[in-house]
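These notes concern the structure reproduced below.
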Amino acid sequence: MARKDISDEAIVESIKSVRLSDLLERKGGLDYVLREEAGDLSGGERQRLALAIALLADRDIYLFDEATSNIDSDSERIIMERIASLKGKGKTILLISHRLSNVVYSDRIYFLKDGRITEEGTHSVLMEQEGEYASLYRTQKRLSEGPFSLAEVQA
């Protein structure tokens, strides 16, 4: 799907890079035919497989739109590590995410509200500005850190 001239070895390496080797073995190798819309895979497996295919294409520009939505935290970590590994390799990466922890290491962050860019900068600059980005980032971080009460969420 990524390129017609790709070798089986390159496909296996890409699958390994998104930590799906066990899936490849369970399904019997590269000849396995996925069900329609990869219905026989979990959400995280589908996302990681899509990433492996995208990486095989070896493009100059990548657009990841909510690449980690509706998946488990392990798959999210794997996906974000692989996306981060593209940095410094001459690739342009556009990452759209509601989960601000995913954009912390971006060179440039554009914060949108009501379809307009309301803040822009690096994570540290945006945190120093104490605007809506900083407020939302802190709220998301607090919610992801564990047990909380409804009163804390509403505060």
Side-chain angles (χ1 to χ4, degrees), residues 1-124 126-127 132-134 136-146:
M1 291 175 64
R3 291 191 341 236
K4 300 237 184 269
D5 65 335
I6 201 75
S7 69
D8 285 356
E9 292 78 21
I11 294 170
V12 169
E13 282 306 308
S14 190
I15 288 171
K16 283 182 183 177
S17 79
V18 294
R19 297 192 188 105
L20 284 177
S21 299
D22 59 331
L23 174 70
L24 188 62
E25 289 177 26
R26 273 195 334 265
K27 300 293 185 182
L30 294 177
D31 292 328
Y32 180 76
V33 178
L34 292 170
R35 289 187 195 158
E36 185 174 336
E37 296 185 21
D40 48 340
L41 304 181
S42 72
E45 289 169 337
R46 279 193 297 271
Q47 293 287 75
R48 287 188 283 155
L49 182 58
L51 178 59
I53 293 167
L55 294 173
L56 283 168
D58 193 31
R59 302 292 186 218
D60 293 330
I61 300 173
Y62 287 94
L63 171 62
F64 298 105
D65 186 359
E66 297 295 349
T68 62
S69 64
N70 300 313
I71 61 172
D72 62 275
S73 59
D74 286 338
S75 289
E76 178 178 14
R77 182 182 44 75
I78 292 164
I79 289 169
M80 291 311 301
E81 284 173 0
R82 285 299 290 136
I83 291 173
S85 75
L86 296 172
K87 192 172 181 176
K89 293 185 178 179
K91 308 293 183 187
T92 299
I93 304 162
L94 301 171
L95 176 64
I96 300 167
S97 181
H98 284 88
R99 195 168 301 163
L100 299 184
S101 61
N102 288 340
V103 301
V104 168
Y105 299 105
S106 297
D107 293 331
R108 196 96 182 134
I109 299 168
Y110 296 92
F111 187 80
L112 279 75
K113 182 176 181 181
D114 299 326
R116 298 186 162 287
I117 297 172
T118 58
E119 299 175 57
E120 64 180 279
T122 62
H123 172 74
S124 59
L126 293 173
M127 292 303 288
E132 291 183 74
Y133 173 90
L136 183 58
Y137 178 82
R138 286 188 191 103
T139 298
Q140 287 182 358
K141 185 171 179 160
R142 188 174 69 240
L143 291 174
S144 70
E145 288 176 347

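For residues 59-88, the ring-ring contact (aromatic ring centres under 6.0 Å, His included) pairs, not counting sequence neighbours, are Tyr62-Phe64.
Taking 4.5 Å as the limit, every side-chain heavy atom of Met80 sits out of range of all side-chain heavy atoms of Arg99. Between Leu126 and Tyr137 the shortest side-chain heavy-atom distance does not fall below 4.5 Å. The shortest side-chain heavy-atom distance between Ile78 and Leu51 does not fall under the 4.5 Å cut-off. Here the side chains of Arg82 and Ser17 are in contact, with some heavy-atom distance below 4.5 Å. Side-chain contact check for His123 versus Ile109: some heavy-atom pair is nearer than 4.5 Å. Residues Ile96 and Leu63 have side chains in contact (heavy-atom distance under 4.5 Å, counting atoms from C-beta outward). Put simply, the side chain of Thr122 does not reach to within 4.5 Å of the side chain of Met127, judged on heavy atoms.
In the displayed structure, Lys113 atom NZ is contacted under 6.0 Å by at most 12 heavy atoms of other residues, nucleotides or ligands. Open room surrounds CG on Asn70; 12 or fewer heavy atoms of other groups in view lie less than 6.0 Å from it.
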Residues Asp58, Lys91; criterion side-chain contact (heavy atoms from CB on, under 4.5 Å); working and verdict
CA-CA 9 Å; Asp58 193 31; Lys91 308 293 183 187; 2.7 Å; yes
Residues 6-15, side-chain donor-acceptor partners within the protein, below 3.5 Å, at least two apart:
| residue | atom | partner | partner atom | Å |
| --- | --- | --- | --- | --- |
| Ser7 | OG | Ala10 | N | 3.1 |
| Ser14 | OG | Ala52 | O | 2.8 |

What side-chain donor-acceptor pairs closer than 3.5 Å can you find for residues 21-33, not counting sequence neighbours?
| residue | atom | partner | partner atom | Å |
| --- | --- | --- | --- | --- |
| Arg26 | NH2 | Glu45 | OE2 | 3.2 |
| Tyr32 | OH | Asp40 | OD2 | 2.3 |

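Glu66 contributes a side-chain N or O that, together with a main-chain N or O of His98, makes up a donor-acceptor pair within less than 3.5 Å. Although no hydrogens or angles enter the test, the distance criterion places a donor-acceptor pair under 3.5 Å between the side chain of Arg48 and the main chain of Val18. At least one donor-acceptor pair under 3.5 Å links the side chain of Gln47 to the backbone N or O of Ala67. For Lys87 (side chain) and Tyr105 (main-chain N/O), a donor-acceptor pair under 3.5 Å exists by modelled atom type.
Across all their heavy atoms, Asp72 and Gly44 have their closest contact at OD1-CA, 4.2 Å. Closest approach of Phe111 and Leu136 over heavy atoms only: CE1-CD2, 4.0 Å. Nearest heavy-atom pair across Leu95 and Asn102 is CD2-O, 3.4 Å.
Shown here are the side chain to side chain donor-acceptor pair (under 3.5 Å) partners of Arg108, two or more places apart in sequence or in another chain: Glu120. In this structure, the salt bridge (Lys or Arg N to Asp or Glu O under 4.0 Å) partners of Asp74, at least two apart in sequence or on a different chain, are Arg77. A search for salt bridge (Lys or Arg N to Asp or Glu O under 4.0 Å) contacts involving Glu119 returns nothing, not counting sequence neighbours.
To the nearest 0.5 Å, atoms CD1 (Ile83) and OG (Ser97) are separated by 9.0 Å.
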